Amino acid sequence: MKIYNFETVDDDPITTDEVYMREALKLARKALEEDEVPIGAIIVSQGKIIGKGYNLTERLNDVTAHAEMQAFTAASNYMGGKYLKDCTLYVTVEPCVMCAGASYWTQIAKIVYGAIDEKRGASRYGKLYHPKTRVVPGVLAVECSDLIKSFFRNKR
């Protein structure tokens, strides 16, 4: 007996996290165009992008001008307060210790990142995120990783 399944099967469903990570990748590419380290970040609240950022360390001559820091500032200004408890950060590369620390103080609900930062990523240093923050690594990791690796390969 043969059994037929007439339901459509989507072998590659696009998740919400992937949709927003693609927006962060657009910002990373903008940073690349400006010869900045190509990292982009967005913050989403209730399905709306409320903060955006990309690395501006070269333009601003400021080591703290990371993509996440730009996005935290924009989102906090939008929200009218420093806490981002119901928000999600999407960033193309794993946050560094500084950005993980800043995320702790914002009490952000969720952090989604693409490429793992094997040298300076926060996950190497223990539990730096707020205890209520959920962390989702590896979303569009290949695309995010390829972008950052090609940038540094071209710099050498």
Side-chain angles (χ1 to χ4, degrees), residues 14-141 143-152 154-155:
I14 296 174
T15 67
T16 300
D17 287 347
E18 290 173 338
V19 169
Y20 288 122
M21 186 61 73
R22 291 197 190 287
E23 292 301 312
L25 272 163
K26 289 178 187 175
L27 292 167
R29 289 184 190 102
K30 186 170 182 178
L32 180 64
E33 290 171 9
E34 297 179 21
D35 204 30
E36 295 276 358
V37 175
I39 299 174
I42 65 167
I43 295 178
V44 176
S45 176
Q46 299 177 352
K48 181 177 182 179
I49 297 173
I50 63 165
K52 295 180 180 184
Y54 59 91
N55 270 4
L56 294 172
T57 57
E58 297 301 322
R59 181 196 304 171
L60 300 178
N61 198 28
D62 179 358
V63 297
T64 68
H66 289 194
E68 300 95 314
M69 303 299 268
Q70 304 302 314
F72 289 146
T73 299
S76 294
N77 286 336
Y78 178 88
M79 297 290 278
K82 60 187 175 182
Y83 298 115
L84 303 173
K85 292 181 181 184
D86 297 323
C87 299
T88 300
L89 167 69
Y90 293 89
V91 61
T92 57
V93 176
E94 178 182 6
C96 69
V97 172
M98 174 185 68
C99 294
S103 77
Y104 183 99
W105 294 110
T106 69
Q107 299 179 21
I108 199 155
K110 181 178 171 186
I111 297 174
V112 178
Y113 65 84
I116 294 170
D117 186 342
E118 296 171 4
K119 293 182 181 178
R120 294 179 184 87
S123 62
R124 294 188 43 157
Y125 301 99
K127 298 181 180 183
L128 299 177
Y129 300 108
H130 193 277
K132 293 182 180 177
T133 299
R134 194 170 125 232
V135 179
V136 179
V139 174
L140 299 181
E143 287 180 56
C144 295
S145 182
D146 287 349
L147 184 62
I148 196 92
K149 284 179 182 177
S150 68
F151 173 79
F152 284 112
N154 290 334
K155 286 287 181 185

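Since we're looking at a predicted model, the values are computed, not measured.
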Taking every non-hydrogen atom, the tightest pair across [X] and [Y]:
X    : Y    : value
P38  : A31  : CA-CB, 4.0 Å
M21  : V91  : CE-O, 3.4 Å
C144 : A115 : CB-N, 3.7 Å
Y90  : A24  : O-CB, 3.9 Å
D35  : F151 : OD1-CE1, 3.9 Å
Y20  : G47  : OH-O, 3.1 Å

Verdict with supporting geometry, K85 and K132, side-chain contact (heavy atoms from CB on, under 4.5 Å): CA-CA 9 Å; K85 292 181 181 184; K132 293 182 180 177; over 6 Å; no

Side-chain contact, heavy-atom cut-off 4.5 Å: [X] with [Y]?
X    : Y    : result
V37  : F152 : yes
R59  : E36  : yes
L25  : L147 : yes
I148 : I39  : yes

With Y54, the side-chain hydrogen bond (donor to acceptor under 3.5 Å, both in side chains) member among Q70, H66, E34: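 Of Q70, H66, E34, side-chain hydrogen bond (donor to acceptor under 3.5 Å, both in side chains) with Y54 is met by E34 alone.
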
Partner of K110 by side-chain hydrogen bond (donor to acceptor under 3.5 Å, both in side chains), out of T88, T133, D17: D17

Quick one: pull up [atom1] in [X] and [atom2] in [Y] and give me the separation to the nearest 0.5 Å.
X    : Y    : atom1 : atom2 : answer
T64  : M98  : OG1   : CE    : 5.5 Å
F72  : I108 : CZ    : CD1   : 5.5 Å
T106 : I43  : OG1   : CD1   : 7.0 Å
C99  : L89  : SG    : CG    : 8.5 Å
L27  : R29  : CG    : CZ    : 10.0 Å

[X], [atom1] atom: more than 12 neighbouring heavy atoms under 6.0 Å:
X    : atom1 : result
N61  : CG    : no
D146 : CG    : yes
Y125 : OH    : yes

Lys/Arg N to Asp/Glu carboxylate O, E23 vs K52, below 4.0 Å: no

E33 bridged to K30 by N-O distance under 4.0 Å: no

Donor-acceptor pair, side chain of E18 and main chain of L140, under 3.5 angstrom: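 Checking the backbone N and O of L140 against the side chain of E18, no donor-acceptor pair under 3.5 Å is found.
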
Short side-chain to backbone donor-acceptor contact, N55 and A67, under 3.5 Å: yes

Residues which pass side chain to side chain donor-acceptor pair (under 3.5 Å) with K48, listed by chain and number, not counting sequence neighbours: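 In terms of side chain to side chain donor-acceptor pair (under 3.5 Å), with neighbours along the sequence ignored, K48 is linked to Y78.
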
Partner residues of R120 under the side chain to side chain donor-acceptor pair (under 3.5 Å) criterion, sequence neighbours left out: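 Expected list: none.
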
Between E94 and S123, a side-chain donor and acceptor under 3.5 Å: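 Note: E94 and S123 side chains meet the donor-acceptor criterion.
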
T57/V63 under side-chain contact (heavy atoms from CB on, under 4.5 Å): CA gap, chis, key distance, verdict: CA-CA 5 Å; T57 57; V63 297; 5.5 Å; no

